[in-house]
Undergrad: 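First the structure, then my questions, so here it is.
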Amino acid sequence: MGVHRFYPVHLFVVKIMHMLLENLIPHGFQTQLHYPPQSLEERPLKELYMSLSETYRYDQFSLLGAGQGAVLKQGNHRHTEIYPDRLTVKEQPTSLSFDEYSEQALAIAKEIREKIRIPVWVLQQSQIRFLVPFEEAVTPLMKERIFSVPDEALQVFERPILGMCLRLEFPPTTEKPSQMQLRVEPYFRPNEEKMLYLELTSRFLQPTPNNEEISLRDQEAYAFIREKACSFLETCFAAQD
């Protein structure tokens, strides 16, 4: 995507739409499920490690002791953490698509729930992270297209600007009872100034006994990024003076 003022608006919008929807790069996923507090026995946790490590290649296992749970890991990027009141499945960085991750997280949650006898999922929180490649540096684009900050206003800092972050908070409503938080910012890594970082944190506050609801809620969050967040950014980046 080359962003230049002389581009016709409709051509610029087409380029943005194609870039955002077709070039979303999975960066990391996390699902956290809360349940009523309980003491965790050592034996079922060890059995879970034997089962899950065979299927999902976990090569590290740590018991937390005194009924406090266990952590399963593969390197530093894949975790399943089992605590007395919550379960966390995390993959970052990831080579999985969102659908592959969602299927895996659901299967892990099902197996853990059966083994330690979780009665109900009380709350679900998920994080979905994507990167989007641009053809030029992202920070100047955000400054111009989203924040409209004049250069003279920034000069007061007497320092270069590495990046700007946009955070949008969406409270629950009657129609949409979930909470959503969207972060949009440059990817703050060396030599990655042409990469945009998107993160959506979702919270579903309604208890559910249904395992399949985990995947449905994650899919709702994923659709929010693809259908809402990408559309919002298309409009922002396509804005013309």
Side-chain angles (χ1 to χ4, degrees), residues 1-30 32 76-77 90 92-94 98 125-173 175-205 220-241:
M1 186 201 78
V3 184
H4 303 287
R5 292 182 182 276
F6 55 83
Y7 275 0
V9 174
H10 68 284
L11 293 180
F12 185 74
V13 173
V14 169
K15 290 172 73 68
I16 286 286
M17 291 176 65
H18 174 77
M19 179 199 67
L20 290 172
L21 293 176
E22 301 301 326
N23 295 323
L24 287 173
I25 302 172
H27 180 54
F29 306 119
Q30 177 174 300
Q32 187 173 91
N76 292 320
H77 69 286
K90 179 180 179 181
Q92 182 175 317
T94 183
F98 177 78
Q125 178 168 302
S126 300
Q127 289 184 324
I128 302 174
R129 302 181 177 100
F130 283 101
L131 300 176
V132 186
F134 278 59
E135 290 183 3
E136 60 184 272
V138 170
T139 295
L141 293 179
M142 291 190 68
K143 183 175 80 71
E144 175 188 347
R145 303 277 176 174
I146 294 180
F147 294 103
S148 299
V149 179
D151 290 336
E152 55 269 23
L154 295 173
Q155 288 172 0
V156 68
F157 296 109
E158 299 180 337
R159 301 186 65 170
I161 302 297
L162 178 63
M164 297 180 172
C165 176
L166 174 68
R167 190 175 81 177
L168 300 174
E169 299 275 355
F170 303 92
T173 65
E175 296 78 15
K176 300 289 184 181
S178 59
Q179 296 177 344
M180 299 285 183
Q181 180 195 94
L182 176 66
R183 283 177 54 197
V184 182
E185 61 189 40
Y187 187 48
F188 296 117
R189 296 292 186 276
N191 303 316
E192 296 288 355
E193 67 275 2
K194 297 181 181 180
M195 199 75 73
L196 185 70
Y197 173 84
L198 305 181
E199 178 186 277
L200 181 71
T201 299
S202 59
R203 299 183 79 236
F204 296 85
L205 309 176
E220 179 180 331
Y222 180 49
F224 188 93
I225 278 198
R226 289 186 59 85
E227 300 170 11
K228 305 297 184 183
C230 286
S231 178
F232 163 74
L233 291 173
E234 290 163 13
T235 301
C236 290
F237 283 119
Q240 299 291 304
D241 292 339

Undergrad: Return the OG to OH distance between S202 and Y222, rounded to the nearest 0.5 Å.
TA: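 Between S202 OG and Y222 OH, I get 14.0 Å after rounding to 0.5 Å.
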Undergrad: Excluding sequence neighbours, so at least two apart, what forms side-chain contact (heavy atoms from CB on, under 4.5 Å) with P160?
TA: none
Undergrad: State which residues pass side chain to side chain donor-acceptor pair (under 3.5 Å) with T139; sequence neighbours excluded, sorted by chain then number.
TA: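 Not a single residue meets the side chain to side chain donor-acceptor pair (under 3.5 Å) criterion with T139.
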Undergrad: Measuring from atom CZ of R189 to atom CE of M195, what distance do you get when rounded to the nearest 0.5 angstrom?
TA: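 The CE atom of M195 is 11.5 Å from CZ of R189, to the nearest 0.5 Å.
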Undergrad: To the closest 0.5 Å, what do you measure between CG (D151) and CD (E144)?
TA: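 Going from the CG atom of D151 to the CD atom of E144 covers 10.0 Å.
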Undergrad: Output all residues satisfying ring-ring contact (aromatic ring centres under 6.0 Å, His included) with F170, sequence neighbours left out; order by chain, then residue number.
TA: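 Listed in chain order: F224.
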Undergrad: Atom CD of Q32 and atom CD of Q127: how far apart are they, to the nearest 0.5 Å?
TA: 8.5 Å
Undergrad: In chain order, what residues pass the side-chain contact (heavy atoms from CB on, under 4.5 Å) check against F147, with sequence neighbours excluded?
TA: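 F147 satisfies side-chain contact (heavy atoms from CB on, under 4.5 Å) with M142, V149, M164, L166 once adjacent residues are dropped.
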Undergrad: What's the shortest heavy-atom distance between L20 and L24, and which atoms?
TA: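 The pair with the smallest heavy-atom distance is O-CG, 2.9 Å.
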Undergrad: Once side-chain contact (heavy atoms from CB on, under 4.5 Å) is applied, do any residues pair with N191, and if so which ones, sequence neighbours excluded?
TA: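 Residues passing side-chain contact (heavy atoms from CB on, under 4.5 Å) with N191: none at all.
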Undergrad: Parallel, tilted or perpendicular: which one describes the rings of F29 and F98, with boundaries at 30° and 60°?
TA: perpendicular
Undergrad: If I compare all heavy atoms of N23 with all of P133, which pair ends up nearest, and what's the gap?
TA: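 Looks like O-CD, 3.4 Å.
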Undergrad: How would you list, by chain and number, every residue that makes a side chain to side chain donor-acceptor pair (under 3.5 Å) with K194, sequence neighbours excluded?
TA: none
Undergrad: For a side chain to side chain contact (heavy atoms under 4.5 Å, CB included) check, start with the C-alpha distance between I146 and F237, then their side-chain angles and the critical distance, and finish with the verdict.
TA: CA-CA 7 Å; I146 294 180; F237 283 119; 4.1 Å; yes
Undergrad: Assess whether atom NZ of K228 is packed by more than 12 heavy atoms of other residues, nucleotides or ligands within 6.0 Å.
TA: no
Undergrad: Under the rule for side-chain contact (heavy atoms from CB on, under 4.5 Å), what residues qualify as partners of A223, not counting sequence neighbours?
TA: E227
Undergrad: Test of understanding: with side chain to side chain donor-acceptor pair (under 3.5 Å), list the residues that count as partners of S126, not counting sequence neighbours.
TA: D218
Undergrad: Minimum heavy-atom separation for G28 and T94, please, with both atom names.
TA: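 Heavy atoms only, the tightest pair is N-CG2, 3.9 Å.
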Undergrad: Tell me which one of I128, L233, L131 satisfies side-chain contact (heavy atoms from CB on, under 4.5 Å) with L198.
TA: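 For L198, the side-chain contact (heavy atoms from CB on, under 4.5 Å) test succeeds with only one of I128, L233, L131, which is L233.
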Undergrad: In a table with atom names and distances, give each donor-acceptor pair under 3.5 Å that connects a side chain of residues 175-187 to protein atoms at least two apart or in another chain.
TA:
unit_1, atom_1, unit_2, atom_2, d
S178, OG, E220, OE2, 3.4
Q179, OE1, R203, NH1, 3.0
Q181, NE2, E169, OE2, 2.7
R183, NH1, E199, OE2, 3.3
R183, NH2, E185, OE1, 3.0
R183, NH2, E185, OE2, 3.0

